[in-house]
Protein chains: 2
Amino acid sequence: MSGTADLNMVNAYIPGRADVGPIASAMIARRDALLGPAYRLMYERPLHIVRGEGVWLIDSEGRRYLDIYNNVTSLGHCHPAVTEAICRQAQTLATNTRYLHDTILELAERLLATVPETGLSHLMLTCTGSEANDLAYRIAKVRTGGTGVIVTDTAYHGITDTVSQFSPSLGLTVDLGAHVRLVPAPRLYHAEGADLSERFTRDVEAAIADLRRHGIKPAAMIVDSLFTSDGILPDPAGFLKGAVDAIKRAGGLFIADEVQPGFGRTGTHMWGFQRHGVVPDIVTMGKPMGNGQPIAGILATADALAEFGVKSRYFNTFAGNTVSCAAALAVLETIERDRLMANAATVGNNLRDGIAQLATRHEAIGDVRGTGMFVGVELVSDRRSRTPDRALTGQVVNRMRNKGILLSACAMGHNVLKIRPPLVLSADQAGLVTEALDEALDEAKAAAHN
Amino acid sequence: MSGTADLNMVNAYIPGRADVGPIASAMIARRDALLGPAYRLMYERPLHIVRGEGVWLIDSEGRRYLDIYNNVTSLGHCHPAVTEAICRQAQTLATNTRYLHDTILELAERLLATVPETGLSHLMLTCTGSEANDLAYRIAKVRTGGTGVIVTDTAYHGITDTVSQFSPSLGLTVDLGAHVRLVPAPRLYHAEGADLSERFTRDVEAAIADLRRHGIKPAAMIVDSLFTSDGILPDPAGFLKGAVDAIKRAGGLFIADEVQPGFGRTGTHMWGFQRHGVVPDIVTMGKPMGNGQPIAGILATADALAEFGVKSRYFNTFAGNTVSCAAALAVLETIERDRLMANAATVGNNLRDGIAQLATRHEAIGDVRGTGMFVGVELVSDRRSRTPDRALTGQVVNRMRNKGILLSACAMGHNVLKIRPPLVLSADQAGLVTEALDEALDEAKAAAHN
């Protein structure tokens, strides 16, 4: 999920803006007729992808694209360990959690082993990250007796009716719930020497106080631990602590949304929250969990689940099905066996270093940040004022696509390049990204002067 | 999904009630520790299923069970056409709806071809039936400007935060939303000569009036077109029409929840609503759609979607992924090629006839009903008063399991056997069900007398 379905996204196809050729044009018309008006395609010139292979996507004309955006296929497209697990299990048994089965138990043991000494002790499975956040919020309401929820101002947590009401990045056309409070995202680049941790804590405390003044009891603070839709905001590690303490003091739960940051992408930890030295009551996960096979879920403490387990049963037909569990188990095994976290750390650093060097000759690069295979590049029209350059960002995203490199954008100003390569990206491939970005920035600058 | 996650369900495992043996006992303890208190297992003696093959599930000791409950694997477990489609596509490309792809368009064309002359013109995809109903409700709110929703009194529509609030079968522990009104399910067997159509229409009109008196504008009436959780209530065909007219007159949408009845199970139509000669604004579907692969979705009219398409974008990472679409396409092709609707009609009738004959010697069988491969058997302690016999139903469900036949129960009184065989069930296999049910009823009667 891009995390930003806003209709004005710089990465979206807009009819008539670019010549897409007669074949794509006909396919787009057919698609609009069949799928209706709520769907969007990526890029000025949408891609007709027919095959995936490792870091590459291949279109109907055989052209290859380096996919450094899709953090679902985090092991690379069609990874043999995962496809083998899917095929084998689909041919053996595809069924639900109402029967005993070993795979779900092995998966639970393996996932819980990634969070030792946190008190997170149970796994519950869903099909999508949206369902995971929806379930986490249901649990928080039962546990706390409250409904209030605090999220950052450009957060994305999903598309169920309830979760969309606390996903402000969906844009002004989707109403926030009356029980939802937004706090400014922790934007270090724009914090101008302030103590970010103190500021973020204060903002969360103010939101809690405002909920209470409206007679709304806090249920939870939910944050993407890398603040992906807010613009990829990893630093300084540890800044979350005060805010987590504040929500817990107020009787609310801390829910770490790891749907985008999770599964080793940070390069240093399995989960983004671990970089901050905080302990969530609930962790939600999804996207790369099955490397493409639909599976998502939550880890929760026994305390968070106790009352929910009495009050509600949870059964979700497809969630925890044997095939999806087999895929997820293969993903975890591959991350470990191939030491993909280490690769994410090394190659992610290469990539950031390479882009940081570009900043010496491209004034538009205001900031390069991230951790592991999660990179944000903030593009500005003026380095002193740090003014977002949304138009340039749109240009760069589309020019990169035309050069065969797929990425996108995020943040309130739509001016942060969002780069999430598969964990298997090589240093040479990272080099291709830097080269192409260098060219794309030059071209975009030249185009702006014409 | 059983449609009834109520903690008192007659089909659920209750610790200590039956001796499950040391191996299962250890596995259950491990499962409880890992998955926590919100999960339930089926049957007094839970099953450890390791393999599926057509109509059969096979446990870890090699024992075979005729699975006439799971309407996900509607073509039979591990159907080769579907597993082949899943393997092929998983090895080729697993990606999302932000790129052009043929499979999703073919799937949309094929699904829309099942509803000619209805005005249903667009397909949107989700991962689960819960997400489909959640999305349908979001769309209804945008289209109507209302929030009120009318459902039957033991309905099940899903487990998102929003949908659980209009799923009364989840039990009294889950709060209904203040904007939700329940109408009595259309129970012909208990209607005692009344005009069921008129009564149901009047109840819906009263619910609309009550919403308005509370200042709540109606958004939708949502019904499972076979009233599955309410007890499987198919007759008389056509009784829905007045209620559908009433909700449309009131400015609300009619949403047909086909998650359980859909995909040819009725034997006469692809969708249950078609038996009633009514036209939904939105149809939701799921369960058998991918024969086990997670995929669900909605069909909607252009009118229902028009404003939603402007106000909201819809992107769901895993929904409409190429692998799930390939599986769904294989399901549709198989239903058609193997004429499975015709088989559902024929063998479903055999099954109902066989059970109806049992009623001549089993007083407990109050009613046998259904359509196609959807059969409800209402068990009563007294035929005149039609008093639900919940205890007997629990006995029968567990005794059938012990005889190697898997089914479950539904309805407010938990006294309706819920039988949903795969569409490929043979007449001989239907005979096995009837024989086993004959024995189970005898045994349960004898046990009650001891």
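The chains referred to below are lettered A, B, ... by the order of the sequence lines, with proteins before strands, and numbering in each begins at 1.
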Test side chain to side chain contact (heavy atoms under 4.5 Å, CB included) on B/H122 and A/L35; report intermediate values, then the result. CA-CA 5 Å; B/H122 299 308; A/L35 306 186; over 6 Å; no
Interchain contact, A/S324 with chain B, by part (heavy-atom threshold 4.5 Å): side chain
Bottom line for A/D32: the part with an atom under 4.5 Å from chain B's heavy atoms is backbone
Please classify the contact between B/Q165 and chain A as side chain, backbone, both or neither, with a heavy-atom cut-off of under 4.5 Å. side chain
Can you tell me which of A/L41, A/T162, A/D161, A/L123 forms the most heavy-atom pairs within a distance under 4.5 Å of chain B? A/D161
Chain A contact via B/E84 - side chain, backbone, both or neither, heavy atoms under 4.5 Å: neither
Say you draw a straight line from OH of B/Y39 to CG of A/N316; how long is it, rounded to the nearest 0.5 Å? 8.0 Å
I'd like to know which of A/G292, A/C127, A/G286, A/A300 tops the heavy-atom pair count under 4.5 Å against chain B. A/C127
Chi angles and distances behind the side chain to side chain contact (heavy atoms under 4.5 Å, CB included) call for A/M42, B/T97: CA-CA 9 Å; A/M42 292 261 283; B/T97 57; over 6 Å; no
Which bit of A/L125 is near chain B, if near means a heavy-atom gap under 4.5 Å: side chain, backbone, both or neither? both
Can you tell which part of B/S60 gets under 4.5 Å to a heavy atom of chain A, answering side chain, backbone, both or neither? neither
If one checks every heavy atom of A/E53 against chain B at 4.5 Å, the contacting part turns out to be neither
Answer with side chain, backbone, both or neither: which region of A/L135 has an atom nearer than 4.5 Å to a non-hydrogen atom of chain B? neither
What part of A/L406 gets within 4.5 angstrom of chain B, counting heavy atoms only: side chain, backbone, both, or neither? side chain
Where does B/I49 contact chain A at under 4.5 Å (heavy atoms): side chain, backbone, both or neither? both
Using non-hydrogen atoms and a limit below 4.5 Å, what part of residues 74-82 of chain A faces chain B? A/H77, A/C78
When the 4.5 angstrom heavy-atom criterion is applied to B/T73 and chain A, the contacting part is side chain
Side chain, backbone, both or neither of B/D175 within contact of chain A (heavy atoms, under 4.5 Å): side chain
So which part of B/Y137 gets closer than 4.5 Å to some heavy atom of chain A, the side chain, the backbone, both or neither? side chain
Heavy-atom distances under 4.5 Å only: say whether B/A33 touches chain A with side chain, backbone, both or neither. backbone
Pair B/E131, A/T128 - check side-chain hydrogen bond (donor to acceptor under 3.5 Å, both in side chains), show working. CA-CA 9 Å; B/E131 283 189 338; A/T128 67; 2.6 Å; yes
Run the side chain to side chain contact (heavy atoms under 4.5 Å, CB included) check on A/E109 and B/L34 step by step: do they pass? CA-CA 7 Å; A/E109 278 165 353; B/L34 291 166; 3.7 Å; yes
Is B/S164 in contact with chain A via its backbone, its side chain, both, or neither, using a 4.5 Å heavy-atom distance? side chain
Proximity breakdown for A/L105 and chain B, heavy-atom pairs closer than 4.5 Å: both
When you look at A/L93 and B/V50, which way does the side chain to side chain contact (heavy atoms under 4.5 Å, CB included) test go after all the steps? CA-CA 7 Å; A/L93 177 69; B/V50 297; 5.5 Å; no
Between A/T126 and chain B, which part of the residue has a heavy atom less than 4.5 Å away: side chain, backbone, both or neither? neither
Whatever's closer than 4.5 Å to a heavy atom in chain B on A/A302 counts as neither
Main-chain N/O of B/Y314 paired with A/R40 side-chain donor or acceptor, under 3.5 Å: no
Separation of B/C87 SG from A/I86 CD1 (nearest 0.5 Å): 8.5 Å
With a 4.5 angstrom heavy-atom cut-off, could you sort out which part of A/S121 is near chain B: side chain, backbone, both or neither? backbone
